[in-house]
Amino acid sequence: MKFTSLSKMIGGAAVLAATAATPALAVDLQFYFPVAVGGSAAQTIESLTKTYEAAHPDVHIKPVYTGSYTETVAKAITAARGGNPPQLAVIGAAEMFNLIDENIVVPFDGYVSKQEAKAWFGGFYPAFMANSQAFGKTWGIPFQRSTPVMYWNKDAFKKAGLDPNQPPKTWGELVTDAQKLTVRNADGKVTQWGVRIPTAGFPYWLYQGLAIPAGVTLASKDGTQVNFDSPAAVKAAQFMLDLTTRYKVMEPGTLDWGTTPKAFFTGNAAIIWTTTGNLTNITKNAPFPFGVGFLPADKHFGAPTGGGNWYLFKKSTAEQKQAAVKFVQWMTAPTQAAKWTMATGYVAPRPADWDTPALKAYVKKVPGALVAREQLKYAGPELTVYQNARVTQILNNALEAIMSGQKQPAPALKQAQAQADAVLRPYQQ
Amino acid sequence: MRRETLHAWLLLLPAAVLLASFTHIPAIETVVNSFFSTARGMRPSHFVGLGNYRNLIADPTFWQAMRNNLLYAAITIPLSMGIALAMALLVRGRIGGRGFLRMAFFTPTVLPLIAVANIWIFFYTPGFGLLNQIGALFGLPNMNFLGQGATALYAVAAVSVWKEAGFFMIFYLAALQTIPPSLIEAARLEGASSWHVFRRVTLPLIMPTTLFISVNAVINAFRLVDQVFVMTQGGPDNASTLLFYYIYQVGFQFWDTAYAATLTVVMLAILVAIAIGQFFLLDRKVHYR
């Protein structure tokens, strides 16, 4: 009897204390985030959120880990269709038109003053904003953004009689270097390939590392047109195929993404192309000195961007939106961006981020991180159109058919263009 | 009598509610949705009649997925069942290390398919992958199993056979142990050879199990696609796309939910037809006791 009343009193006190600690007008926020790289991405997001909550007791924020990029966008759209979306989500930048078309996101412009907007949106690298803005509004805030770079094995370069500090800078040099780097045994079997560009699953991304230097942006700015069958696009696909069949410096068939770093470590491939997100992994595991460089140039240097942006969801109160935008502003501020970049290998998306003492110290230790930043000057947006997944799949199928020898580049891309046109026709008024 | 009926219905109610809300109503909704267009943002969905079905007939990816799935079923079902029976016969008798063998055969079933598929990627990897390294010992050329249209589907099918055979073995093992030894001894006394005993005594007696396994194998051939997600994402150029994977892609990547519903209806129809066929046709050859 006594015990119950005592516990009731304690319980009552706890409730009182809890109410006292929380201001009457606390705002609850929830956001979805994917994890696409190894390392401590999820822990970093959670600890950053906790830091913010501690400094802002009037806001409760619940981060929800939602799997891969594909799963995250699927969950966010499902939740929005069910009438219960999160206030924020980190979703692929290329999904912008899709989310606008679903009518479930709102631009950030309405929640910051004109000057603030100019300073905030204008502070990011233009390459990242290219697929974050549409119709004069900003729909996505760059957060976990990446770009592909070239990694080369310096020991293999020495063995082949090449200067280990001079990576190939043009397509022509890539071919001649790769020919020297391709090693065959007595039976003519290849024991080391010159170059490896992974082309299985989603070849469209690295293909743009050839298409952009060849002089073509695959999609129009308004996301309603694609240029799959332009001469430059065909030229880029032909070059990718030639690496396997004509120059014989790359393993034929499509090549898996996940096993690419492993192929590099075991000496199966002397040059690989992959995301900057692999920098931490390769730094830790490569048993030889390696270099990080730009993707080689054709007409000029170039690479696609990739990765995720913050999106603001429509169905929430004005208060929640205001609080959500404040949170995103804080998450993308230089101090937090620096922490995030060091934990994951993503490219810090603003010049100001790179001026923080933390990142300055980091690039001294990992100079490869700078390469991605420098390459951004030449980078273009990755394919971003309406019905993005479907159009991307059309291009993926064409590229896989080319790389596995089932179709020639020109007819395959012509067919892909026709298929994409059919999907995009309703959006071209 | 009335009261009993009422009781019966009350007892059935929990199961009925669950089945209805998670199976029957969604199935009916799927059929209904297949006659409407997909709603997109500002444009609400509207009735299109058989429009989605006309698109389906004209969709080359659908036909490719169907062809792939039939080939996949034709490979995985007989192979996994045959291997399962062979393994069961092997570990039934008194042989050394029987417990270890049984465990080894069953292990693939316990492992999660996603994890297993990630390991198989490394087996198949060209150059330094396990299979190519073994092949190199015998002077075989380098093979890019998952990266060639001609081999990708077979490579994916091999993983399913490896995964399923151990599971089916357990059922065969249980069935084999229920066969009365007296029947086999009687056959032996009549002078029947081992093969004859197997064909005339063992095989007919395990027919109910075979039917059960084959129904499961057929369903799995259409249902288990996890390894496609991990290993090939349906590529290269849809060479390893299976029907269920295509439904996922259309529904949850392209967000064309109406067309995904149409594909689902077709898949349901196929599965129902096969299940009915199996029960009615095979039933005549099955001896239940």
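Here is how names work: the chains are called A, B, and so on, in the same order as the sequence lines, proteins then strands, and each is numbered from 1. Atoms considered below: every heavy atom in the structure, side chains included; atoms not considered: hydrogens, waters and symmetry mates.
Contacts between Lys262(A) and chain B at a heavy-atom distance below 4.5 Å involve backbone atoms as well as side-chain atoms. The contact between Asp256(B) and chain A is made entirely by side chain atoms (from C-beta outward), counting heavy-atom distances below 4.5 Å. Thr266(A) touches chain B through its side chain: at least one heavy atom from C-beta onward sits under 4.5 Å away, while N, CA, C and O do not. Within the 4.5 angstrom heavy-atom criterion, no atom of Thr61(B) approaches chain A. Using a 4.5 Å cut-off between heavy atoms, Thr78(A) touches chain B through backbone and side chain atoms alike. Residue contact with chain B, scored on non-hydrogen atoms closer than 4.5 Å, involves the backbone and the side chain of Ala263(A) alike. For chain A, the nearby parts of Ala136(B) are the backbone and the side chain; heavy atoms of each come within less than 4.5 Å.
Between the CD1 atom in Ile121(B) and the CH2 atom in Trp257(A) there is a gap of 14.0 Å [rounded to 0.5 Å]. With rounding to the nearest 0.5 Å, the separation of CH2 in Trp255(B) from CD1 in Ile77(A) is 5.0 Å.
Each of Asp187(A), Val391(A), Asn268(A) has some count of heavy-atom pairs under 4.5 Å with chain B, and the biggest count is that of Asn268(A). Ranking Ala412(A), Gly201(A), Ala200(A) against chain B, the residue ahead of the rest is Gly201(A), based on heavy-atom pairs under 4.5 Å. In terms of heavy-atom pairs under 4.5 Å with chain A, the best-connected choice from Gly149(B), Pro126(B), Gly127(B) is Pro126(B).
Atom CZ of Phe22(B) is surrounded by 12 or fewer heavy atoms from other residues, nucleotides or ligands within 6.0 Å. Heavy atoms from other residues, nucleotides or ligands lying under 6.0 Å from CZ of Phe105(B) number more than 12. Residue Tyr154(B) places its OH atom among 12 or fewer non-hydrogen atoms of other residues, nucleotides or ligands, all under 6.0 Å distant. For CZ of Phe265(A), the number of neighbouring non-hydrogen atoms (other residues, nucleotides, ligands) closer than 6.0 Å is greater than 12. Counted within 6.0 Å of CZ on Phe244(B), heavy atoms from surrounding residues, nucleotides or ligands total 12 or fewer; the atom is thus considered open.
Taking each heavy atom of Asn142(B) and Trp193(A) in turn, the nearest pair found is ND2-NE1, 4.5 Å. The shortest non-hydrogen separation linking Tyr248(B) to Thr70(A) is OH-CG2, 4.3 Å. Across all non-hydrogen atoms, the minimal contact from Gln387(A) to Phe254(B) is OE1-O, 4.3 Å. In this structure, Ser404(A) and Gly147(B) approach most closely via the heavy-atom pair CB-O, 3.7 Å.
Residues passing the side-chain hydrogen bond (donor to acceptor under 3.5 Å, both in side chains) test with Gln148(B): none are found, sequence neighbours excluded.
In this structure, a donor-acceptor pair under 3.5 Å is absent between the side chains of Gln253(B) and Gln393(A).
Put simply, the side chain of Asp237(B) reaches to within 4.5 Å of the side chain of Lys407(A), judged on heavy atoms. Inter-residue side-chain proximity for Asp256(A) and Thr125(B) is flagged as unmet; no heavy-atom pair is nearer than 4.5 Å.
With hydrogens and angles disregarded, a donor-acceptor distance shorter than 3.5 Å links the side chain of Asn144(B) to the backbone of Pro252(A). Lys189(A) contributes a side-chain N or O that, together with a main-chain N or O of Leu140(B), makes up a donor-acceptor pair within less than 3.5 Å.
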